[in-house]
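Written out below as structure tokens is the structure these notes cover.
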Amino acid sequence: MTKPTKPSLIQSIRGMHDALPSDTPAWQRLEAVLRELMASYAYREIRMPSVESTALFKRSIGEVTDIVEKEMYTFEDRNGESLTLRPEGTASCVRACLEHGLLYNQQQRLWYMGPMFRHERPQKGRYRQFYQLGVETFGVSTPEMDAELILMAARLWKQLGLADEVVLQINTLGSNAARAVYREHLVNYLRQHAAHLDEDSLRRLETNPLRVLDSKNPDVQAILHNAPRLNEHLDDESRADFQRLCDVLRAAGIRYEVNPKLVRGLDYYNKTVFEWVTTRLGAQGTICAGGRFDGLVEQLGGSPTPAAGFAIGLERLLALLGEAYGEAQASAASPQVYIVALGSEAEREALVLAERLRDTLPAVRIQTNAGGGSFKAQFKRADKSGAAYALILGEDEVKQGQAQIKPLRHEDEQIAVAFDALADYLTGCL
Ligand code: ATP
Ligand code: MG
């Protein structure tokens, strides 16, 4: 008889990560802060499916963008339909709004939060499943709308103590018509210098020339130094709107840098674009990115509708908040009371007592010892749980209708408290 082989372990997909119990308190706290922020600006939540028709992303993000060319998780479902795991939320959000008539003759200020999927090379701050908070507004074309989005993000950094860690970069891409004219000038110029362009830039030159501006290659950047500038080809309206945006930001005391090379990787942007960047996360320094996308709704079959929004990468934001933030949230989530029970009668009583305490103190985190164990073993677990108090039940205590309360984090005496008085007593010391 051959020895049965031990089944091999199946691992998670590269670039897709578990959030472990020690990580989730930080996630939950951050998500709560974001929800409260959205509520304080009266933005409403929308939830879209994680899978959409492939055509939705091709048509909105653009055929010749990094995302559509090489990053999408696209597959055929059992009916042969081409589906894609959403690489971002804006297209889905517009699709949902159009499908349910949310854009007709009305303004919308919306947000969503959830996983996005991109087949990128995994590295620090770059994953294949990652989480975004997305914020989108529809029906408002004024630069004050753009400013509100920026102010909202600025408030978040302040709340999280990150105001000094991030820098706001803004730019305007102008109208689609103005950008088309500029594009021709840029292509003419770059063609003259084609010999000095790298492969990536040559490819972009043919497909999406504005993205050449984004190149990180120093040789390419050197050539761009004398290239025609987008801001010399802006239409009057975009120029005036950008000025108004800058005025609001100055009035609100928001510091910004104008970055004329900021173009964003997606096709649908026009006019205002912005990014919040940090130098503390290495190459993956953009934690929030957004802008105006007035043409997208029409491109997806709706009536012309001005729109603007942004997305925040939550992993990068958590990385910026750092380990101390994670640890603080984890310890704030640990049990406050740990019930030690010795003997089967006490074990039963412990469960009943815990329920009664939760009835009166629903906000207190109570953990009952499970699986028995010696007094010493149970105390070890109580200590490790992070609880501030151990509540001890033995045979005698059960008979007398009381529990011993022992502080685990300071030297105070252990005292006996009657079951009926426990809730009041704990309220006093927690
Ligand atoms: P990058 O230039 O870093 O590739 P992007 O322009 O592709 O970013 P957006 O599509 O604008 O990013 O997404 C908004 C935000 O989502 C980014 O600023 C970033 O914080 C986050 N993000 C994007 N891609 C990833 C990823 N693969 N892993 C983790 N976070 C990501
Ligand atoms: Mg990208």
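Counting convention: from 1, in listed order, for ligands and their atoms alike.
With a 4.0 Å cut-off on non-hydrogen atoms, Arg264 touches ligand 1 through its side chain and not its backbone. With a 4.0 Å heavy-atom cut-off, ligand 1 is reached by the backbone of Ile287 but not by any atom from C-beta on. At a 4.0 Å heavy-atom cut-off, ligand 1 touches Gln132 through the side chain alone.
There is no side-chain donor-acceptor pair under 3.5 Å between Arg409 and Tyr389. Side-chain polar atoms of Gln107 and Thr137 form no donor-acceptor pair below 3.5 angstrom. Looking at Arg179 and Asn176, their side chains do bring a donor and an acceptor atom within 3.5 Å of each other. The closest side-chain donor-acceptor pair between Gln367 and Ser385, if any, does not fall under 3.5 angstrom.
Residue-ligand proximity, Tyr127 to ligand 1, at heavy-atom distances under 4.0 Å covers atoms 26 (C), 27 (N), 28 (N), 29 (C). Against a heavy-atom cut-off of under 4.0 Å, Thr286 is close to the following atoms of ligand 1: 17 (C), 18 (O), 19 (C), 20 (O).
Using a 4.0 Å cut-off between charged nitrogen and carboxylate oxygen, Arg109 and Glu136 do not count as a salt-bridge pair. Salt bridge status for Asp359 with Arg356: absent, with no side-chain N to carboxylate O gap under 4.0 Å.
Nearest residue to atom 4 (O) of ligand 1 from Arg126, Met116, Glu315 is Arg126 (criterion: closest heavy atom). Looking at Phe130, Trp276, Tyr269 and measuring to atom 30 (N) of ligand 1, the nearest heavy atom belongs to Phe130. Among Glu120, Arg128, Lys124, Glu71, the residue whose heavy atom lies nearest to atom 27 (N) of ligand 1 is Glu120.
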* To do: Evaluate the criterion salt bridge (Lys or Arg N to Asp or Glu O under 4.0 Å) for residue pair Arg264 and Glu275; output intermediate values, then yes/no.
  => CA-CA 9 Å; Arg264 309 283 306 116; Glu275 286 190 0; 2.9 Å; yes
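In this structure, Gln284 falls outside the shell of residues with a heavy atom less than 4.0 angstrom from ligand 1. Residue contacts with ligand 1 leave out Glu88, since none of its heavy atoms falls under 4.0 Å from the ligand.
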